[in-house]
K.L.:
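Got a structure for you, written out below as structure tokens; questions coming shortly.
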Amino acid sequence: MKILRLRLENFRNFEDTALDFTDGINILAGNNAQGKTNCIEAIYFCTCLKSYRVKREEQLIRFGKEKAAITLDFSIGSREEQLQILFTKDKPKEYRHNGLVIPRLRDLLGCFQSVIFTPDHLNLIKEGPQKRRSFLDMALCSLDLQYTDQLLNYQKILKNRNALLNQCREDPSKKEMLFIWDEKLAEAGSYIAKARQDYLLRLDEYAKDFYRSISKGAEKLKLLYLNQFTKEQAAREEFHSLFLNRLEKTREQDIALGQTVSGVHKDDILILLAGKSMKYFGSQGQIRSAVLSMKLAEAECVAERCGHYPILLLDDILSELDAHRQKFIFSKMEGHQTVLSTCELGKIRKKGDKVFFIKEGKVVRERVSSSGSGCID
Ligand SMILES: Nc1ncnc2c1ncn2[C@@H]1O[C@H](COP(=O)(O)OP(=O)(O)OP(=O)(O)O)[C@@H](O)[C@H]1O
Ligand SMILES: [Mg+2]
């Protein structure tokens, strides 16, 4: 999969700009606040079909304008495709695939695959479980349509069950109706649990190897799916019955709190190094290597599932990594298209890279590097 061209019309601080990408490394260079991340946000929008930065999408429309558009031309093998997202103030956004309006969002999920790595991901290990669940959900939603459906379904059921729990405190006869929601929650939840478990098994395999290469075999990285039902592997049916048992056990507590205390909305990823939790014992350097391994593993999982390697989007991440880790990530970019942003071009450029100089939402200059310097030479 390769991006051919990205056109941004009234998107963030871009008025009307087109970038023709090269197959290898594309560098968005410029000072702070010029539009580098905006550009990466637009590309990743085409994978997730939502912004990873803001909830209110009207913030994506250029100040003072009514409409915005992202147009992405990309190729899969010899096939060329176009994805277009049109934003209009106070109206739902519109999607077009190869010129045709696509009414259902789910028909476009997985159409364009990219993996993003930003400095914010470096907090993945130290922060709370919400961050790691969202890492799992972002990855799985773009790979598995049914996962997206089940996740949305689960969130709705959970809301309904919690509303009923609150009513049960006032009117205990309503307890009888909880069984209906328990069954529905276990049905959707068991799909999510199984998908997360399977995904983490694959992610662990790749991440472990990457970590071994970065740290030169010093310690072993292990990623485990952590849920309230079991630490062992389970089939979907087992998850279903374990989930129901758990809901039954915590029912009185749920009613007292007016909240469902158990379920996949409490899941986490346990990240171990040499058997010890990285969250509590990992050094800065170890954490950076582990996150880098997880992100590269995420790209491998996409390639395994979809049959083509995704586009790597690296937003200002290289300045966060030391020369050794930079060198490692560059070795993994070989043969894959990458879009990266930086304020310090001198350090990373190498022969053949295409550099776009971004200033105030415009590409003021672009050129293919004829020489390079820094960590990768
Ligand atoms: N809807 C919008 N309309 C116009 N400009 C916007 C809009 N949203 C954000 N911007 C502008 O975009 C700029 C930020 O762009 P971006 O986040 O891409 O910067 P950057 O080049 O990545 O900078 P840094 O190196 O600091 O990360 C800011 O000047 C901001 O005011
Ligand atoms: Mg930025």
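When a ligand or atom number is given, it counts from 1 through the structure's own listing order. Note that the structure is a prediction, hence the values are computed from the model and not measured.
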K.L.:
When you measure from atom 23 (O) of ligand 1 to every protein heavy atom, which one gives the shortest distance, and what is it?
P.N.:
A33 N, 2.7 Å
K.L.:
Between R7 and D73, does any side-chain N to carboxylate O distance fall below 4.0 Å?
P.N.:
no
K.L.:
List ligand 1 atoms under 4.0 Å from R12, heavy atoms only on the residue side.
P.N.:
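Reading through ligand 1 atom by atom, the close ones are 1 (N), 2 (C), 3 (N), 4 (C), 5 (N), 6 (C), 7 (C), 8 (N), 9 (C).
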K.L.:
Are K36 and D316 ion-paired here, with the side-chain N under 4.0 Å from a carboxylate O?
P.N.:
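Salt bridge: no.
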K.L.:
Under 4.0 Å from ligand 1, counting heavy atoms only, is it the side chain of E41, its backbone, both or neither?
P.N.:
neither
K.L.:
So which bit of C39 gets within less than 4.0 Å of ligand 1, heavy atoms only: side chain, backbone, both or neither?
P.N.:
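None of C39 does.
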K.L.:
Just to be sure I understand the site: which N, O or S atoms from the protein are less than 2.8 Å away from the Mg ion (ligand 2)?
P.N.:
T37 OG1
K.L.:
Count the heavy atoms belonging to other residues, nucleotides or ligands that lie under 6.0 Å from CD of Q259, then report whether that count exceeds 12.
P.N.:
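Atom CD in Q259 is not packed in, count stays at 12 or less.
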K.L.:
Which residue and non-hydrogen atom of the protein lie closest to atom 11 (C) of ligand 1, and at what distance in Å?
P.N.:
N13 CB, 4.0 Å
K.L.:
Can you tell me the protein heavy atom closest to atom 2 (C) of ligand 1 and the distance?
P.N.:
F63 CE2, 3.3 Å
K.L.:
Could you list which atoms of ligand 1 come closer than 4.0 Å to a heavy atom of T37?
P.N.:
17 (O), 18 (O), 20 (P), 22 (O), 27 (O)
K.L.:
Taking atom 30 (C) of ligand 1 as the reference point, report whether a protein heavy atom occurs under 4.0 Å from it.
P.N.:
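Under the 4.0 Å cut-off, atom 30 (C) of ligand 1 has no protein heavy-atom neighbours at all.
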K.L.:
Nearest protein heavy-atom contact for atom 26 (O) of ligand 1: which residue, which atom, what distance?
P.N.:
N32 ND2, 3.0 Å
K.L.:
Look at the rings of F45 and F87 and say which category their plane angle falls in: under 30° parallel, 30 to 60° tilted, over 60° perpendicular.
P.N.:
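Judged by the thresholds at 30° and 60°, the geometry between F45 and F87 is perpendicular.
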K.L.:
Among all protein heavy atoms, pick the one closest to atom 18 (O) of ligand 1 and tell me residue, atom and distance.
P.N.:
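That would be N38 N, 2.8 Å.
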K.L.:
Checking S190 side chain against E187 main chain: does a donor-acceptor pair fall under 3.5 Å?
P.N.:
yes
K.L.:
Could you list which atoms of ligand 1 come closer than 4.0 Å to a heavy atom of R53?
P.N.:
17 (O)
K.L.:
Could you give all pairs that pass the side chain to side chain donor-acceptor pair (under 3.5 Å) test and reach residues 270-282, with sequence neighbours left out?
P.N.:
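Passing the test, one end in residues 270-282: no pairs.
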K.L.:
Measure I61 to ligand 1 on non-hydrogen atoms and call it side chain, backbone, both or neither using the 4.0 Å cut-off.
P.N.:
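The answer is the backbone.
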K.L.:
N/O of C343 under 3.5 Å from N/O of ligand 1, yes or no?
P.N.:
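No, there is no polar N/O contact under 3.5 Å.
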K.L.:
Under 4.5 Å between side-chain heavy atoms, hopping through other hydrophobics if needed: is there a path connecting I3 to V302?
P.N.:
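No, separate clusters.
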K.L.:
Side-chain contact test, heavy atoms from C-beta onward, threshold under 4.5 Å: evaluate it for L158 versus W181 and give yes or no.
P.N.:
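No, too far: nothing below the 4.5 Å cut-off.
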K.L.:
Is the charged tip of R196 near the ring of F239: under 6.0 Å from the six-membered ring centre and within 45° of its axis?
P.N.:
no
K.L.:
State plainly whether one hydrophobic cluster holds both I317 and Y211, where clusters connect Ile, Leu, Val, Met, Phe, Trp and Tyr through side-chain heavy atoms under 4.5 angstrom apart.
P.N.:
yes
K.L.:
I'd like to check which ligand 1 atoms, numbered from 1 as shown, lie under 4.0 Å from a non-hydrogen atom of Q34.
P.N.:
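Answer, ordered by atom number: 19 (O), 20 (P), 21 (O).
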K.L.:
State, with a plain yes or no, whether a side-chain heavy atom of L314 is found less than 4.5 Å away from one of I329.
P.N.:
yes
K.L.:
Just wondering, do D322 and Q326 contact through their side chains at under 4.5 Å, heavy atoms?
P.N.:
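In short, these two side chains do not touch, never coming nearer than 4.5 Å.
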K.L.:
Which atoms from ligand 1 have a heavy atom of G35 less than 4.0 Å away?
P.N.:
15 (O), 16 (P), 18 (O), 19 (O), 20 (P), 21 (O)
K.L.:
How about NZ on K89, more than 12 heavy atoms from neighbouring residues, nucleotides or ligands closer than 6.0 Å, or not?
P.N.:
yes
